[in-house]
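One is the number of the first residue; the rest follow in order along the sequence.
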Amino acid sequence: MTPGQQRNLEARIGCKVLDRTQLILDIFARRARTREGQLQVELAQLNYLLPRLSGKGTLLSRLGGGIGTRGPGETKLEMDRRRIRNRIARLRAQLEEVRSSRKLQRSRRQGVPVPIVALVGYTNAGKSTLFNAITHAGTEESSRLFATLDPLLRRVVLPNRLEIVLSDTVGFVRKLPS
């Protein structure tokens, strides 16, 4: 749904309208546990919100006319956009710090020759249930969509004494917006 369609629909029916993307982002925001997950969700929400700022309510109406005059709404819209862009820049910098830390951890793991096995599949397919059955990790198992938003790693010794690192991953989602 385009921002204009959403705005028109909200005005027509008189209540807030959520499209699929916004609903998914809201669910992600509630369930993200790690710092990286929370940063990624906030960044996605702000990138989604930015083009939808114009026309939000009567406070953003443009008043005044003529050369050099701008209404308070236009100024507020510009300030909101600037604030969001600044927050996006800070989030990207924080995410880069988290990613460099994770890269360091990954390089340490690669120094030790332990195979990594990932459980992958669509959301709500039972990956966390299988992960718990194998590792006894006690991660959240739920029949809700997107219950796992952050990957989890555990070392496991298999019956043949082979040691592996098992990863519980985020489920796949069809047509997930970027």
Side-chain angles (χ1 to χ4, degrees), residues 1-7 10 16-57 59-60 62 70-112 114 116-124 127-128 131 137-140 142 144-155 165-178:
M1 181 180 320
T2 67
Q5 290 171 329
Q6 185 175 4
R7 223 176 9 258
E10 285 175 352
K16 185 172 171 68
V17 174
L18 297 177
D19 65 3
R20 182 175 186 266
T21 303
Q22 202 168 5
L23 179 63
I24 290 171
L25 288 172
D26 286 352
I27 293 170
F28 282 5
R30 287 190 194 133
R31 300 196 182 148
R33 299 284 176 252
T34 65
R35 180 75 180 131
E36 183 179 18
Q38 292 167 347
L39 290 171
Q40 287 175 334
V41 170
E42 186 180 353
L43 180 61
Q45 285 177 319
L46 290 175
N47 280 319
Y48 178 80
L49 176 65
L50 197 55
R52 287 164 172 72
L53 275 181
S54 63
K56 291 282 185 189
L59 289 174
L60 298 181
R62 294 180 182 180
R70 292 191 304 211
E74 189 172 7
T75 303
K76 180 177 177 2
L77 180 60
E78 290 169 356
M79 285 177 20
D80 288 345
R81 283 187 178 144
R82 189 176 342 104
R83 209 173 292 131
I84 288 175
R85 285 188 183 110
N86 289 340
R87 179 67 182 150
I88 285 172
R90 283 194 309 271
L91 287 171
R92 285 189 174 140
Q94 290 174 346
L95 265 172
E96 197 51 46
E97 288 175 21
V98 170
R99 286 179 178 147
S100 65
S101 167
R102 189 197 285 164
K103 188 177 181 180
L104 180 64
Q105 291 171 348
R106 186 178 300 123
S107 67
R108 286 182 188 158
R109 278 196 311 267
Q110 288 174 342
V112 180
V114 177
I116 298 174
V117 177
L119 300 174
V120 296
Y122 285 103
T123 185
N124 204 25
K127 296 177 298 299
S128 295
F131 184 81
T139 62
E140 180 184 356
S142 178
R144 300 177 303 167
L145 295 175
F146 317 118
T148 303
L149 286 182
D150 303 302
L152 186 62
L153 302 170
R154 290 286 186 269
R155 283 186 181 255
V165 173
L166 187 63
S167 174
D168 185 15
T169 62
V170 178
F172 299 137
V173 181
R174 285 187 179 97
K175 298 179 186 172
L176 183 65
S178 57

As a quick check of understanding, evaluate side-chain contact (heavy atoms from CB on, under 4.5 Å) for T34 and Q38, giving each step before the final call. CA-CA 6 Å; T34 65; Q38 292 167 347; over 6 Å; no
Short question: side chain of S167, backbone of V117 - any donor-acceptor pair under 3.5 Å?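 The answer is no, because no donor-acceptor pair under 3.5 Å joins these two groups.
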Short side-chain to backbone donor-acceptor contact, E10 and V17, under 3.5 Å: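 Such a contact is found between E10 side chain and V17 backbone.
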Rounded to the nearest 0.5 Å, what separates atom [atom1] in [X] from atom [atom2] in [Y]?
X: R20; Y: I24; atom1: CZ; atom2: CD1; value: 4.0 Å
X: L166; Y: F131; atom1: CG; atom2: CZ; value: 5.5 Å
X: D26; Y: R31; atom1: CG; atom2: CZ; value: 11.0 Å
X: I27; Y: Q22; atom1: CD1; atom2: CD; value: 11.5 Å
X: L153; Y: D168; atom1: CG; atom2: CG; value: 9.5 Å
X: R90; Y: R85; atom1: CZ; atom2: CZ; value: 14.0 Å

Under the side chain to side chain contact (heavy atoms under 4.5 Å, CB included) test, residues paired with E97 that sit two or more places apart: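 None.
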Check whether any side-chain heavy atom of R108 sits under 4.5 Å from a side-chain heavy atom of L104, and report yes or no.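 Result yes, sub-4.5 Å side-chain heavy-atom pair found.
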How close do K127 and V170 get, heavy atom to heavy atom, and via which atoms?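 That would be CE-C, 4.3 Å.
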Q94 and R35: side-chain donor and acceptor closer than 3.5 Å?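 Side-chain D/A pair, Q94 to R35: present.
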Which atom pairs, one a donor and one an acceptor, fall under 3.5 Å between side chains of residues 39-49 and the rest of the protein, sequence neighbours left out?
residue : atom : partner : partner atom : Å
E42     : OE1  : R87     : NH2          : 2.9
E42     : OE2  : R87     : NE           : 2.8
E42     : OE2  : R87     : NH2          : 3.2
N47     : ND2  : L43     : O            : 3.2
Y48     : OH   : D19     : OD1          : 2.6
Y48     : OH   : D19     : OD2          : 2.5
Y48     : OH   : R52     : NE           : 3.2

Going by salt bridge (Lys or Arg N to Asp or Glu O under 4.0 Å), name the residues that satisfy it together with R99, two or more places apart in sequence or in a different chain.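 Once residues adjacent in sequence are excluded, the partners of R99 under the salt bridge (Lys or Arg N to Asp or Glu O under 4.0 Å) criterion are E36.
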